[in-house]
J.: 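Can you read through this structure? Questions will come right after.
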Protein chains: 2
Amino acid sequence: MTLAPRPEIRRPLTLRDVSEASGVSEMTVSRVLRSRGDVSETTRERVLLAARTLGYVPNKIAGALASQRVNLVAVIIPSLSNMVYPEVMTGISQVLEDTGLQPVFGVTHYLPEREESVLYEMLSWRPSGVILAGLEHTDAARQMLSNAGIPIVEAMDVDGVAVDSVVGISHRRAGLKMAEAILAAGYSRIGFLGTMMPYDHRARKRLEGLEEGLAQGGITLADREFYSGGSALLKGREMTQAILARSPDLDFLYYSNDMIGAGGLLYCLEAGIDVPGRVGLAGFNGVELLDGLPRRLATMDACRLEIGRTAAQIIAGVHPSGLIGGERIELSPTLELGDTIRR
Amino acid sequence: MTLAPRPEIRRPLTLRDVSEASGVSEMTVSRVLRSRGDVSETTRERVLLAARTLGYVPNKIAGALASQRVNLVAVIIPSLSNMVYPEVMTGISQVLEDTGLQPVFGVTHYLPEREESVLYEMLSWRPSGVILAGLEHTDAARQMLSNAGIPIVEAMDVDGVAVDSVVGISHRRAGLKMAEAILAAGYSRIGFLGTMMPYDHRARKRLEGLEEGLAQGGITLADREFYSGGSALLKGREMTQAILARSPDLDFLYYSNDMIGAGGLLYCLEAGIDVPGRVGLAGFNGVELLDGLPRRLATMDACRLEIGRTAAQIIAGVHPSGLIGGERIELSPTLELGDTIRR
DNA sequence: ATGAAAGCGCTAACAC
DNA sequence: GTGTTAGCGCTTTCAT
């Protein structure tokens, strides 16, 4: 460890500094730096030169307070390790890039109270809009959202009541659709494998949809297995081994996400289990990872990128629908049978 | 699509509203809400009640301007899809949580100009510190960093000159160490597989370290293969097939990350190639995913969580070293031979 | 323990 | 095309 001198703490530069250095009024300097209003080319160049040589960085805090405008969009997601949310974030970033708005991300770790506090923290910066995952929030959070006076988009899930706008898929219907595909392929002893997270409402709704769909075929779920923490791929292997040991007559396994599904697939292949003849498999999300697996896991695309893009369009007020609030946009996930469901 | 009425846009509440509702001066209300200074229990409760019933959310913009203090830490990372950075972010969040500081994340997509603009944007919010990845920046970015007058931590890599503090591993040394392990295991025809990204300096340094280490054993790299975009797992398969077709005599493949390494491993296993007898494999990062693979890929832990935690400690001024700036902390990645290097 | 006044650095609105 | 004035909603400082 070296003891290099810490950079000297100078007073940060202000508009006034640029104004004095360039001999132009603060107001005109401000106009140049925001490219707003008419400024002669001469003054403009003088100002920019001064700003650049001084190394001036505008103070958005003061600017935001004065203009009552903040170019920030609060984006609140459950987790970063899920692979699902980074893609939603990418969609949001893509659209906002062209609008002068900037996303700011907060993570809740699937905890409602944490969502509430992150939301509070973010609202206190007076963002131009909020995008958050799901429709389930604490009462206080819901109240903050309704009172915020800015566009709110609840993303990912449409099964429930929205505060303002909502963009997503119906996870219930996704589960139902999967049940139909499973039954159509002739499977009848179905097991479900998922996360233990009580607040993963979307996984829960998929399970409910699945059971509803199976019930329509006169079938009930034969077994289920849950996990928490650790490497999802490894957990997928372990859970699959466990559930098959416990219920050897299962002929289909529905996983709450592709990662554990991939683990299950690898396990079955190694154990010499005939997939999809003896056992069928399906996951959920349509993650890119599946492309590299020995066999294509059946899955359902969660429309992550599209959801992110649409949410951002609504916040930015550039959604093709032209509507400005209270939108409900339901996307349709496509079922990909892959190589793990009998045809 | 329904046409629900958008929530009415009211003037956001201010301290004055709480003051009037509670009959307490703005100043005292402010003190209560920040729990600063002495306030009688009676007034305190009256204020809190009023604030809660109104649903008041403080305006941090005004607060920050007045107090000249912002509890934000700018965190600038290259990518979200890399799996590496989310873990660094987690480490940062863990530590900052206890300090009243809040991370704000920006993504550069490995583009220096984008890093510069994200940095500019973030500095204009006057954060309390900056954490960014790597030591390579544009001149303008470097100047902004030195002029910012706040603690700066460059994370991930220590091979170079830092602006202020630096926390990370030596990727050059990591490559070197891997070369030694490869040679010690008796491999001699080595191939490198990596990303095409010109700005992935850490992968580049690992490659340089590898070549240096091989040179010490009198060996030069036999072949190399690069990719960009797409599913890393799939690319790993494809590249492995391609490089082995082109250079069938290769007996070791060093991958610039675990994801493509995992793809390579899956390919070799399916192709019936004896690993690690006929061909040895190694990746880099020590990602959790490897735990679920059929065989344990050799890798090197990049100390991601620890790097994040340490960086945050420096920014928060709570690092055990007690130093306040200009720190240089080099962590030592551990080599895990797994099952893909001969012993 | 509480309040009054000043001002943080910028921009809206208006003059010139 | 450019300058002046008056705040934005808080917190600092100083009185009481």
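Within every chain, numbering begins at 1; the chains are lettered A, B, ... in the order of the sequence lines, protein sequences first and strands thereafter. These values consider heavy atoms only, across backbone and side chains, with no hydrogens, waters or symmetry-generated copies. Since the model is a prediction, treat every value here as computed from it, not as a measurement.
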J.: Would you give the length of the straight line joining atom CD of B/Gln68 to atom CG of B/Leu65, rounded to the nearest 0.5 angstrom?
T.: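 Going from CD on B/Gln68 over to CG on B/Leu65, the span is 6.5 Å.
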J.: Determine: side-chain N/O of A/Ser40 to OP1/OP2 of D/dG1, distance under 4.0 Å, yes or no.
T.: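 No, A/Ser40 has no side-chain N/O under 4.0 Å of OP1/OP2 on D/dG1.
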J.: With respect to the phosphate group of C/dT2, does any side-chain polar atom (N or O) of B/Thr43 fall under 4.0 Å of OP1 or OP2?
T.: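 Affirmative; the distance criterion is met.
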J.: Counting heavy atoms not belonging to A/Asp98, are there more than 12 under 6.0 Å from its CG?
T.: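 Yes.
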J.: Quick one: what's the B/S/- string for nucleotides 5-16 of chain D, heavy-atom cutoff under 4.0 Å, read 5' to 3'?
T.: --BBBBBB----
J.: If you compare every side-chain N and O of A/Thr28 against the phosphate oxygens of D/dT2 (OP1, OP2), does one of them come in below 4.0 Å?
T.: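 No, outside the criterion.
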J.: Nearest 0.5 angstrom please: B/Leu72 CG to B/Leu96 CG, how far?
T.: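 Reported to 0.5 Å precision, the distance equals 10.5 Å.
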J.: Can you find a heavy atom in the side chain of B/Glu121 that is under 4.5 Å from one in the side chain of A/Asn71?
T.: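 Touching, per the 4.5 Å side-chain cut-off.
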J.: How long is the gap from CG on A/Leu80 to OG1 on B/Thr90, to the nearest 0.5 Å?
T.: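 Separation between the atoms: 6.0 Å.
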J.: Just wondering, do B/Val70 and A/Ile61 contact through their side chains at under 4.5 Å, heavy atoms?
T.: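 A/Ile61 reaches B/Val70 side chain to side chain.
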J.: Take atom CG of B/Asp38 and atom P of C/dA1, then tell me their distance rounded to the nearest Å.
T.: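 So the two atoms are 4 Å apart, to the nearest Å.
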